[in-house]
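Read the structure below first, then the notes.
What you see is a predicted model; the values in this text were computed from it and never measured. Lettering of chains follows the sequences in order, A, B, ..., and the numbering in each one begins at 1.
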Amino acid sequence: MKATRTRAVRGRATRTRAIRTGGGISVRFDVRAAVVVAILVVAALLASVVLIGTGDFDIPTADVIRTLLGNGDAGQEFIINDLRLPRVVVGLLVGASLGLAGALFQSIARNPLGSPDVLGIGQGSTAGALLMIVIFQGSATEVAGGALVGGLVTGAAMYLLAWKQGVHGYRLVLVGIGVNAFAVAVNGYLLTKADLVDAARAVVWMTGSLNGRDWEQVWPLLTLCAVLLPLVIAHARPLRMLEMGDDTAYTLGVPVERTRIVLMGSAVLLTAAATAAAGPVSFVALTAPQLARRLTRSPGPNLLPAMCMGATLLIVADWASQRVFGADQLPVGVVTGVLGGVYLLWLLVTERKAGRI
Amino acid sequence: MNRLIADDVTIGYDQRVIAEKLSVEIPDNSFTVIVGPNACGKSTLLRALSRMLKPSAGRVLLDGQAIQSMPAKKVARTLGLLPQSSIAPDGITVGDLVARGRYPHQGLLRQWSGDDERIVRESMESTGVAELADRYVDELSGGQRQRVWIAMALAQQTPLLLLDEPTTFLDIQHQLDVLDLCADLHEEQGRTLVAVLHDLNHAARYATHLIALRDGEVLAEGPPREIVTAELVRETFGIRCQVIEDPETGTPLVVPAARKARVDA
């Protein structure tokens with residue numbers, strides 16, 4: 001008879017470090033997560049520089065950096081600062097927002113499928129945008145506004161429908177999938193009602209791309225991120241407690257429902273704003289948190305790593321959509337799906353052998 | 001006055017009332033055990049006592065204050081609860097999980113003090129899970145896992161600790177382990193414990209104060225030796241039995257009547 005060998009899998013003994021000051025202040029952080037965040041930030045910035053140099057008119061990396069630092073020639077300055085930089089900044093912000101929103105939603109739903117694109121926030125935003133395009137023939141700003149409002153209304157509806165003495169994981173996911181199906185139907189209906197010109201415009205918007213984004217899209221998104229990020233970070237510790245179940249979090253003194261409302265509200269705002277800026281970019285919110293989590297190998301929502309992963313993923317995908325697949329033929333959302341999806345599958349397959357996250 | 005009191009509370013979910021005008025006092029420094037048939041309101045009472053469920057009438061007093069109006073973190077530093085079901089996040093180690101019990105004592109600028117570290121270590125030592133600190137929670141046995149959750153509740157360092165069916169799903173050895181641990185916490189550390197238990201004989205052995213609940217009403221309360229009688233068991237659970245002296249401990253031992261005699265009752 002073959003003897004079965006069992007081996008206890010040990011976690012990392014020194015997972016966290018604490019810094020303490022004489023004044024009783026102490027800060028604790030996960031070393032590996034901090035390294036992952038640092039690497040992802042560097043990767044996102046490097047990819048951004050490469051992306052700025054990429055286009056109909058390639059610019060050497062050295063020139064890109066020189067121009068970004070304010071020492072470039074006038075021609076390159078125009079291309080870089082006015083045309084390409086805002087597109088890249090929008091890409092970074094959209095990716096970061098989606099990554100963060102995805103991590104928040106997945107943690108609140110306690111389910112990796114509970115990401116805002118699966119739960120219909122993206123489709124809700126699309127419904128708002130299509131409504132502005134098809135019914136009101138609105139301007140670009142009005143379409144963005146429509147997307148924002150659409151996402152917020154969808155998020156609010158989802159919360160109210162899922163609420164039953166608090167919002168719980170499975171309920172949220174099921175209600176979200178229902179809301180998503182409803183929004184898809186509304187969008188299909190709006191498209192059939194549209195005349196040819198509007199329909200073409202709607203389809204372009206729905207592919208989710210960063211083409212032609214300028215500083216006008218940057219400022220609102222940047223402001224929103226600057227306001228929401230500190231709010232989310234301040235609630236990161238209660239969120240980690242929530243992952244142990246409402247009862248346990250409650251007995252530890254976490255204001256359960258308030259934390260959930262604040263964080264869900266933030267995640268819906270981030271998703272809606274990102275969709276308003278770049279259209280519905282699929283898959284980033286779903287994959288970025290999962291990828292980040294597997295890199296940090298840390299339990300908990302991994303908010304900052306997911307955010308940085310989202311930004312990196314989107315920029316690399318945008319570069320790939322221009323460089324690998326040729327010009328702007330392919331919407332960035334498709335490439336994020338291919339890149340993120342394949343990477344996630346690879347991780348899942350290899351982790352099955354390791355038997356651990 | 002005792003530290004934890006339910007004063008004339010009406011509790012339930014939505015429109016369904018579980019208990020009406022229920023008054024219970026938890027004697028300080030006692031190991032109180034609540035027993036009663038399924039759906040008698042044991043867990044509901046525990047939830048109300050721990051501020052998780054708001055009574056529709058009456059109030060729960062903690063140190064003389066209405067518990068609902070106290071700040072959540074302040075309550076969490078005085079009273080801990082081990083719920084029936086908790087979720088261990090994927091990939092969390094025992095040490096990390098126990099450390100989360102320190103949450104009510106921490107803040108944005110006080111995330112991990114030397115005290116936190118010491119108390120987490122002590123909590124793991126007193127529950128016998130110190131050597132498991134670096135293991136993943138999801139690969140532990142049921143008994144080990146329950147000890148880890150108790151260690152987390154201990155790390156919260158509350159003078160009052162409520163446990164909702166802490167021995168469910170455990171085999172007899174691990175049940176006794178957990179109860180021994182509770183008795184130690186009560187005797188050696190002077191904590192006030194309130195546990196919901198299903199096994200009457202365990203309750204009679206370990207409790208210093210027993211509360212028998214049926215249909216949201218207290219039928220009897222007091223030291224097990226004084227209140228556990230065949231009459232009380234029949235009233236509470238609707239079964240005929242003999243109550244004899246436990247040959248090991250001298251506490252009341254409930255022996256249900258044989259099937260035929262029970263059916264006749």
Side-chain angles (χ1 to χ4, degrees), chain A residues 6-21 23-30 107 110 112 164-166 169 230 233-238 240-256 258-259 293-294 296-302 351 355-357, chain B residues 13-14 47 50-53 71-97 99-117 132-140 149 152-153 156 158 161-162 164:
Chain A
T6 54
R7 185 174 57 98
V9 186
R10 296 181 81 85
R12 284 171 300 130
T14 49
R15 171 162 266 154
T16 55
R17 289 261 185 285
I19 299 174
R20 299 194 181 109
T21 68
I25 291 177
S26 57
V27 178
R28 195 184 199 200
F29 63 96
D30 188 318
S107 171
R110 294 184 199 118
K164 195 182 180 198
Q165 311 222 313
I233 295 300
H235 284 80
R237 295 178 62 252
R240 202 180 307 150
M241 300 300 137
L242 267 183
E243 292 193 338
M244 294 187 289
D246 287 7
D247 286 0
T248 307
Y250 201 99
T251 56
L252 288 172
V254 172
V256 171
R258 198 187 75 202
T259 304
R293 194 179 133 75
R294 280 163 178 82
T296 62
R297 287 194 206 148
S298 161
N302 284 303
E351 89 178 346
R356 185 80 17 221
I357 57 160
Chain B
Y13 302 100
D14 289 330
R47 292 175 82 83
S50 62
R51 187 181 175 275
M52 217 180 276
L53 186 71
K73 270 198 172 182
K74 192 180 170 198
V75 173
R77 287 193 291 263
T78 315
L79 183 150
L81 170 79
L82 186 71
Q84 263 181 46
S85 61
S86 308
I87 307 162
D90 286 339
I92 196 168
T93 59
V94 170
D96 281 350
L97 188 72
R100 292 189 174 188
R102 295 302 295 159
Y103 177 81
H105 302 271
Q106 296 168 332
L108 210 52
L109 292 178
R110 192 184 173 285
Q111 296 182 351
W112 192 240
S113 67
D115 277 351
D116 291 337
E117 203 164 318
L132 302 176
D134 294 331
R135 293 270 296 275
Y136 289 109
V137 174
D138 47 16
E139 54 165 26
L140 301 181
W149 284 110
M152 192 192 89
Q156 207 175 327
T158 55
L161 182 57
L162 279 47
D164 198 354

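- Here the options are A:R293, A:E243, A:R110, the test is side-chain contact (heavy atoms from CB on, under 4.5 Å), and the partner is B:D90; only A:R293 passes.
- For the pair B:K73 and A:G253, the tightest heavy-atom approach, listed with the atom from each and the gap, is CG-O, 3.8 Å.
- For B:L162, no part lies near chain A; criterion is any non-hydrogen pair under 4.5 Å.
- Residue B:L108 holds its CG atom at 10.5 Å from CD1 of A:I25, rounded to the nearest 0.5 Å.
- Side-chain N or O atoms of A:R240 include none that pairs as donor or acceptor with a backbone N or O of B:R100 at under 3.5 Å.
- For A:R20, the part lying under 4.5 angstrom from a heavy atom of chain B is the side chain only.
- Contact count versus chain B (heavy atoms, under 4.5 Å) is highest, among A:V256, A:I233, A:T251, for A:T251.
- The shortest heavy-atom contact between B:Y103 and A:L252 is CD2-O, 3.2 Å.
- Within the model, atoms CG of B:L82 and OG1 of A:T248 stand 7.5 Å from one another, a figure rounded to the nearest 0.5 Å.
- Taking 4.5 Å as the limit, some side-chain heavy atom of B:M152 sits within range of a side-chain heavy atom of A:M244.
- If you measure heavy-atom distances from B:Q84 to chain A, you find no contacts under 4.5 Å at all.
- Of the listed residues B:A76, B:P71, B:S86, B:S113, the one with more heavy-atom pairs under 4.5 angstrom with chain A than any other is B:S113.
- The backbone N or O of B:R51 sits less than 3.5 Å from a side-chain atom of A:Y250, completing a donor-acceptor pair.
- B:A153 does not touch chain A: none of its heavy atoms, backbone or side chain, sits under 4.5 Å away.
- Your options are B:Q106, B:H105, B:R102, and the one with the most heavy-atom pairs under 4.5 Å with chain A is B:Q106.
- Annotation: the span from A:D246 atom CG to B:M52 atom CE amounts to 9.0 Å, rounded to 0.5 Å.
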